Amino acid sequence: MAPELLEKKEKKKRETGLRPLDNVGPDGVVMRFAPNPSGPLHLGHARASFLNDYYVRKYGGRYVLRIEDTDPKRVNEENYQLLLDDIEWLGLDISEIVYQSDRLDIYYEYCEKLISIGGAYVCTCDAEAFREKKNAKVACPCREQDPETNLRMWQAMLDGDYAEGTITVRVKTDIEHPDPAMRDYSIFRLVDSPPHPRCDARLYPLMNFSVAVDDHLLGMTHVIRGKDHIANTRRQQYIYEYFGWEMPEYFHYGRMSIEGVVLSTSAMKEGIAQGTYTGWDDIHLGTLKAIARRGFKAEAVRNAMVDIGIGQTDISFSWENLFAANKALVDPIAPRYFFVSNPVSCIIEGAPEIVAEPCLNPNDAAAGCRRLPFTGTLYAPADEIQKAGMVRFKDLFNVRIEDDAGTPVFVYAGSSLEEARRGHAPIIQWLPKGETVQCTLHTPNGPVDGLCERGVLNKYDKVIQFERVGFARVDEVTEHHVSAYFAHR
RNA sequence: GCUGCUAUAGUGUAGGGGCCAAUCAUGCCGGCCUUUCACGCCGGCGACUGGGGUUCGAAUCCCCAUAGCAGCACCA
């Protein structure tokens, strides 16, 4: 082949994965995932964490899990563990964990520096009054205080001489900046209550300050976060410039909604309180706990999120994309079983007693088979035997359904698969009488009661496929009952 | 109100002046394979928001319009 054709072919071949990063040093990249512990993680967090994780794995370097817990009103004890559990499930390549609540002294130190170089001032204006001035591009009197005065007031803040809501520290930006979001924003506040679960403090940095200081001190080279932070990036630029620091490279991905679910932590919390949802792992939610319960693999979520990428376009994520990603992972390994919903007991006239041996996994002969002994009566799904005609019970034999004055009669019709195919007989799942266990399949449309094979009893916490129904995770097993959570077909 | 970002098939994505009558995945339809309506294979369907401009040439650059989103907290 001619060289230029080869080259063309090469160009045609798309590079898989995310676009390469610029400014990657010899030691790779330093990136972060920075959730705040106000509830469990959901698919939105998964996107942020996997995008960053992708690049750290690609280029090497460090991946910092930074827990942003500087708002005592929004953190509580148990959320930390919830968060760490979710992180573990995701399987991120985390190299270190940093709690911002451990670093208050650092923020104090840098704030003092910023004040002393004239980059920030202490403001005692009423928040509402300041907002009106700011919107009118008018500076407040505090802005003119000299650094010495500001430092004195800062010390008084530290000493506890002020009450919550009466004082703040503002970065001196440009009070006439065309973007009102940029004008002299706050970077510290006092919080009297509730007490912080991890530290004894009243004075807390606001995120624009703690984030800027930490990103610099922890050596971030690249930051990937949602576009709700675009304005924050520009605000933080003032801090970087005052300190003479070099900014990391930023990417802001667009807003992601997911069909049919709410991702807002507060909305989910409310739904749980009202009983709309059973808990954080309710099957209708987009939390990681919910999708883990349904048997989705973290790897599938990762693949789906990397496929979405870091585009700034707002997207509406479809479950189908996640279903496909998960199926690719789970189909090769999930053992197959029969689940019969709304079981109807059927006596098959004239049928021989035989043992069916369906494969546990048609893609993997080594997985072996189940043994389903037929002794005259079986259970069939009610929906499948409504109309007269021929059906084939999978791996067993054919049956002709005849209507005897409204009562269906099942007549053995031979074991020829060929014949069943020729007659377009549905091949359906079934269960031998006496070899079943009660099974509830929880789906987003509600629970479905039925029977399943006894083999499912020892598949606790495993992802299985109910043939012709779909993939599910075995959530609970007792002696006579199985509870499974449906994922997708 | 002010500031900013974005706009490619149902969904997600590639493409950043000619190689684009536009990529890939998913979805849907048809066929094959197969004791699952799974997997796999083959074929098909389906998109550059609208209008101007620049240019020999625009999905790609510019402007306007429209739509969506984000920010304007002493939350993150």
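Chain A is the first sequence line, chain B the second, and so forth, proteins listed ahead of strands; every chain is numbered from 1. As the structure is a computational prediction, the values presented were derived from the model and not from experiment.
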Should Glu418(A) and Arg421(A) count as an ion pair when the cut-off is N to O under 4.0 Å?
no
May I have the distance from Ile230(A) (atom CD1) to U6(B) (atom C1'), rounded to whole angstrom?
9 Å
Between Arg370(A) and Phe338(A), is NZ or CZ placed under 6.0 angstrom from the six-membered ring centre and within 45° of the ring axis?
yes
With heavy atoms under 4.0 Å as the rule, sort Asn208(A) into base, sugar-phosphate or nothing.
nothing
Considering every strand and a 4.0 Å limit on heavy-atom distances, what is the contact class for Phe471(A): base, sugar-phosphate, or nothing?
sugar-phosphate
Which class fits the ring pair His42(A) and His45(A): parallel under 30°, tilted 30 to 60°, perpendicular over 60°?
tilted
Length of the line joining Asp214(A):CG and A76(B):P, which is rounded to integer Å
12 Å
Where the side chain of Lys394(A) is defined as all heavy atoms beyond and including C-beta, which of U26(B), G71(B), U35(B) is the nearest nucleotide?
U35(B)
Decide, yes or no, whether a salt bridge links Arg103(A) with Asp69(A) under the criterion of side-chain N to carboxylate O below 4.0 Å.
no
If you look at every strand shown and take non-hydrogen atoms under 4.0 Å, does Arg74(A) touch a base, only sugar-phosphate, or nothing?
base
Applying the Watson-Crick and G-U wobble criteria at under 3.5 Å, what pairs with U23(B)? Answer none if nothing qualifies.
none
Phe393(A) CZ to U36(B) P: how many Å, rounded?
16 Å
Lys73(A)/Glu164(A) salt bridge by N-O under 4.0 Å criterion:
yes
In whole Å, what separates the C1' atom of G46(B) from that of C28(B)?
9 Å
Select one nucleotide: of C69(B), A73(B), U6(B), the one nearest the side-chain heavy atoms of Arg131(A).
A73(B)
Between A38(B), U13(B), U3(B), which one does the side chain of Ile308(A) approach most closely?
U13(B)
Rounding to the closest angstrom, what is the interatomic distance between C61(B) and G15(B) at atom C1'?
15 Å
Distance, rounded to the nearest Å, where His229(A) contributes NE2 and C69(B) contributes C1'
15 Å
I'd like the P distance from A7(B) over to C63(B), given in whole Å.
14 Å
So which nucleotide from U36(B), A76(B), C69(B) ends up closest to the side chain of Glu467(A)?
U36(B)
Which listed nucleotide (U35(B), G4(B), A38(B)) is nearest to the side chain of Asp395(A)?
U35(B)
Just checking Arg234(A): base, sugar-phosphate only, or nothing, at a heavy-atom cut-off of under 4.0 Å?
sugar-phosphate
Kindly point out which of A76(B), U13(B), G4(B) is positioned nearest to the side chain of Ile315(A)?
U13(B)
Could you identify the nucleotide paired to C41(B), looking across every strand shown and requiring Watson-Crick or G-U wobble geometry with both distances under 3.5 Å?
G31(B)
C72(B), A76(B), U26(B): which one has an atom nearest the side-chain heavy atoms of Lys134(A)?
C72(B)
Who does G18(B) pair with, Watson-Crick or G-U, both distances under 3.5 Å?
C56(B)
What contact category does Ser38(A) fall into here, base, sugar-phosphate, or nothing, at under 4.0 angstrom with non-hydrogen atoms?
nothing
Tell me: NZ of Lys73(A) to C1' of A76(B), nearest whole Å?
15 Å
Scan Cys369(A) against the nucleic acid and name what it touches under 4.0 Å (heavy atoms): base, sugar-phosphate only, or nothing.
nothing
Choosing from U36(B), U26(B), A7(B), which nucleotide comes nearest the side chain of Gln465(A)?
U36(B)
Give Ala127(A) one of three labels, base, sugar-phosphate or nothing, depending on what nucleic acid heavy atoms sit under 4.0 Å from its own.
base
Can you check the Met182(A) CE to U3(B) P distance for me, whole Å?
13 Å
With syn defined as a glycosidic angle within 90° of 0 and anti as the rest, where does G16(B) land?
syn
Pi-cation contact, Phe251(A) with Arg19(A) (under 6.0 Å, within 45°)
no
Phosphate-side-chain proximity, Thr313(A) and C5(B), N/O vs OP1/OP2 below 4.0 Å:
no
Measure from the side-chain heavy atoms of Glu320(A) and tell me the nearest of U26(B), A38(B), U11(B).
U26(B)
Sorted by position of nearest nucleotide on RNA chain B, 5' first, the leading residue of Ile187(A) and Phe397(A) is Phe397(A)
Would you mind classifying the nucleic acid contact of Ile428(A) as base, sugar-phosphate or nothing, using non-hydrogen atoms under 4.0 angstrom?
nothing
Pairing partner (Watson-Crick or G-U wobble, both distances under 3.5 angstrom) of G68(B):
C5(B)
What interatomic distance, in whole Å, is found between C1' of G31(B) and the corresponding atom of G50(B)?
40 Å
By the 4.0 Å heavy-atom rule, please label Gln100(A) as base, sugar-phosphate, or nothing.
nothing
Mind telling me whether Tyr99(A) and Tyr80(A) have parallel, tilted or perpendicular rings, with 30° and 60° as the class edges?
tilted
Assign Pro332(A) to base, sugar-phosphate, or nothing according to its heavy-atom contacts below 4.0 angstrom with the strands shown.
nothing
Counting any heavy atom closer than 4.0 Å, what does Pro37(A) reach on the DNA or RNA strands: base, sugar-phosphate only, or nothing?
nothing
What is the separation between atom CZ on Phe209(A) and atom C1' on C74(B), rounded to the nearest whole Å?
15 Å
Judged by each residue's nearest nucleotide on RNA chain B, which is more toward the 5′ side, Gly165(A) or Lys327(A)?
Lys327(A)
Looking at Asp215(A) and Arg32(A), does any basic side-chain N land under 4.0 Å from a carboxylate oxygen?
yes
Are Tyr185(A) and Tyr238(A) an aromatic pair by the rule of ring centers under 6.0 Å?
no
For atom C1', what is the distance between A22(B) and U13(B), given to the nearest Å?
13 Å
Nearest to the side chain of Ser318(A) - A70(B), A76(B), U11(B)?
U11(B)
Can you check whether Arg170(A) has a side-chain N or O nearer than 4.0 Å to OP1 or OP2 of C74(B)?
yes
Say you pick atom P in U11(B) and the same atom in A47(B); how far apart are they, in whole Å?
12 Å
Using a 4.0 Å heavy-atom cut-off, does Asn36(A) contact any base of the nucleic acid, only the sugar-phosphate backbone, or nothing at all?
sugar-phosphate
Using the C1' atom as the reference point in each nucleotide, state the distance between U8(B) and A58(B) in Å, no decimals.
14 Å
Rounded to whole angstrom, note down the P distance from C45(B) over to U34(B).
28 Å
Whole-Å distance, Met305(A) CE to U26(B) P, equals 17 Å
